[in-house]
Novice: 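So that we are looking at the same thing, I have put the structure below in structure tokens.
If you're wondering where the values come from, they're calculated on a predicted model, not measured in any experiment. Just so it is clear: chains get the letters A, B, ... in the order the sequence lines come, proteins before strands, and each one is counted from 1.
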Protein chains: 2
Amino acid sequence: MKETKPSPAGDLRVAESFRRWVAMPVDQASCPVRDVLDRLGEKWVTLLVMALVERPRRFSELFRLVPDISKRSLTQALRSLEQDGIVTRHVFPTTPPAVEYRLAPLGATMLEPLAAMIAWAEDNHGRIRAARRRYAAAEAKRSGASGSASS
Amino acid sequence: MKETKPSPAGDLRVAESFRRWVAMPVDQASCPVRDVLDRLGEKWVTLLVMALVERPRRFSELFRLVPDISKRSLTQALRSLEQDGIVTRHVFPTTPPAVEYRLAPLGATMLEPLAAMIAWAEDNHGRIRAARRRYAAAEAKRSGASGSASS
DNA sequence: AGTCAAAGGTCTCTATCCGAGACCATGTCT
DNA sequence: AGACATGGTCTCGGATAGAGACCTTTGACT
């Protein structure tokens, strides 16, 4: 049963984190939260982490699994994840070469908060779509009102 | 069994969510998780949610608070959040007009998972930076090896 | 009375990103 | 011999994001 009240401790941490960030003079690039969250916000990153939860996968496997990614973006996203220690990359010098990507321990610790976000997304997707419809309707009425006789 | 699995239920949910997504034939755009997560991944969105945790804020307040955002991007991000029902927008017809942005109830429910992500980011920022340094060092050694005579 | 500033944007220009798809080296299968 | 698979890289063109000029309205200041 989920309580409607938001979590006070979590909220405080969010607010505090933001306050800490905004206190920094120029060095926003090195704000830990932004640094990490911007990375995770990169288009394919979370999706690829999801794809590696079950088991390691090879490059072309991932490429086939995610239909609308390009090789270029896949390479970039995997490099990014590898750099950050979220996934590891193993080259098997077979022929043709096989490259396996695997969730690193650090990546595994990410799954818990990621799962929370995903759960939230699934739980609230309906509400969000409803809000979008309301917004679109309100906007249509607004722009329509300028064309039709008002009041 | 696996080694230390932090959250088996969460991992399962992530994997299941991904499997559901990949089962969709063409309609990836309507995958709930991608739909929502792509939105939240938009560059400034989470940061603005963080900025609104404490209290509602006005447009220029946010603009000053986030030093490296442009007005255009701020407007876009706030519109996006408004469309999704994460924030509400109130116009006070004073002069000059004041516009207040406030976290909507739906936005408040987001704080819990967001706090989890932020906590993870703060806790693991050091490890991530270390991983990046290791990667950079390894890369430097690789490209340096091509210059020097290797074996 | 004229000028200036502030709020909340919009508009334009440019830089960056992303996907599509060609290309590559190599070894296997037909 | 030639097509094919692997794991990429490279280039191209369109979409997207950021910087910063500009706009409008009105009150305050000179």
Novice: Can you tell me how far C1' of C/dG8 sits from CZ of B/Arg57, to the nearest Å?
Specialist: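 It is 18 Å, rounded to the nearest whole Å.
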
Novice: For B/Glu61 and C/dA7, give me the distance from atom CD to atom P, rounded to whole Å.
Specialist: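 My rounded result for the distance is 10 Å.
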
Novice: With respect to the side chain of A/Ser60, which nucleotide from C/dG27, C/dG9, D/dG7 is positioned closest?
Specialist: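 Minimum distance to the A/Ser60 side chain belongs to D/dG7.
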
Novice: Are A/Leu52 and A/Phe92 linked, directly or through other ILVMFWY residues, by side chains that come within less than 4.5 angstrom of each other?
Specialist: no

Novice: Is the phosphate of D/dG8, meaning OP1 or OP2, less than 4.0 Å from a side-chain N or O of A/Arg89?
Specialist: yes

Novice: If you find the nucleotide of DNA chain C closest to B/Glu100 and the one closest to A/Pro96, which residue's nucleotide is nearer the 5' end?
Specialist: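 Its nearest nucleotide lies further toward 5', so the answer is B/Glu100.
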
Novice: Base, sugar-phosphate, or nothing for A/Tyr101, non-hydrogen atoms under 4.0 angstrom?
Specialist: sugar-phosphate

Novice: For C/dG8, does OP1 or OP2 lie under 4.0 Å from any side-chain N or O of B/Arg58?
Specialist: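 Yes.
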
Novice: Testing the basics here: between A/Val45 and A/Arg39, what is the closest heavy-atom pair and its distance to 0.1 Å?
Specialist: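 Scanning both residues, the minimum pair turns out to be CG2-O, 3.7 Å.
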
Novice: Provide the closest heavy-atom pair for B/Leu103 versus B/Gly107 in the form atom of the first, atom of the second, distance.
Specialist: CG-C, 4.1 Å

Novice: Report the distance from atom CD of B/Glu82 to atom P of C/dG9, rounded to the nearest whole Å.
Specialist: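 In whole Å, C/dG9 P lies 9 Å from B/Glu82 CD.
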
Novice: Do B/Met110 and A/Tyr135 land in one hydrophobic cluster if side-chain heavy atoms of ILVMFWY residues count as linked below 4.5 Å?
Specialist: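 No, no single cluster joins them.
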
Novice: Determine: side-chain N/O of B/Trp44 to OP1/OP2 of D/dA17, distance under 4.0 Å, yes or no.
Specialist: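 Answer is no, no contact under 4.0 Å.
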
Novice: So, does the side chain of B/Lys71 form a donor-acceptor pair with the base of C/dG8 at under 3.5 Å?
Specialist: yes

Novice: With a 4.0 Å cut-off on heavy atoms, is B/Ser70 in touch with a base, just the backbone sugar-phosphate, or nothing at all?
Specialist: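 The answer is base, as B/Ser70 lies within the cut-off (heavy atoms under 4.0 Å) of a base atom.
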
Novice: Between atom CG in B/Leu78 and atom P in C/dG9, what is the gap in whole Å?
Specialist: 8 Å

Novice: Nearest of C/dG27, D/dT6, D/dG7 to any side-chain atom of A/Phe59?
Specialist: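 My answer, after comparing the listed nucleotides, is D/dG7.
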
Novice: Within less than 4.0 Å of OP1 or OP2 of D/dA17, is there a side-chain N or O belonging to B/Ser73?
Specialist: no

Novice: Atom CG of A/Leu74 to atom P of C/dA20: distance rounded to whole Å?
Specialist: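 Value for this atom pair: 12 Å.
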
Novice: Can a side chain N or O of A/Gln76 be found less than 4.0 Å away from OP1 or OP2 on C/dC18?
Specialist: yes

Novice: Among the candidates C/dA7, C/dG27, D/dG27, find the nucleotide nearest to the side-chain atoms of B/Thr95.
Specialist: D/dG27

Novice: Rounded to whole angstrom units, what separation is found between the CZ atom of B/Phe63 and the C1' atom of C/dG8?
Specialist: 11 Å

Novice: In terms of hydrophobic clusters joined by side-chain contacts under 4.5 Å, are B/Val14 and A/Leu106 together?
Specialist: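 Yes: a chain of side-chain contacts under 4.5 Å links B/Val14 to A/Leu106.
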
Novice: For A/Arg72 and C/dC23, what is the distance between atoms CZ and C1' respectively, to the nearest whole Å?
Specialist: 16 Å

Novice: Figure out the CZ/P separation between B/Arg79 and C/dG8, and round it to whole Å.
Specialist: 12 Å

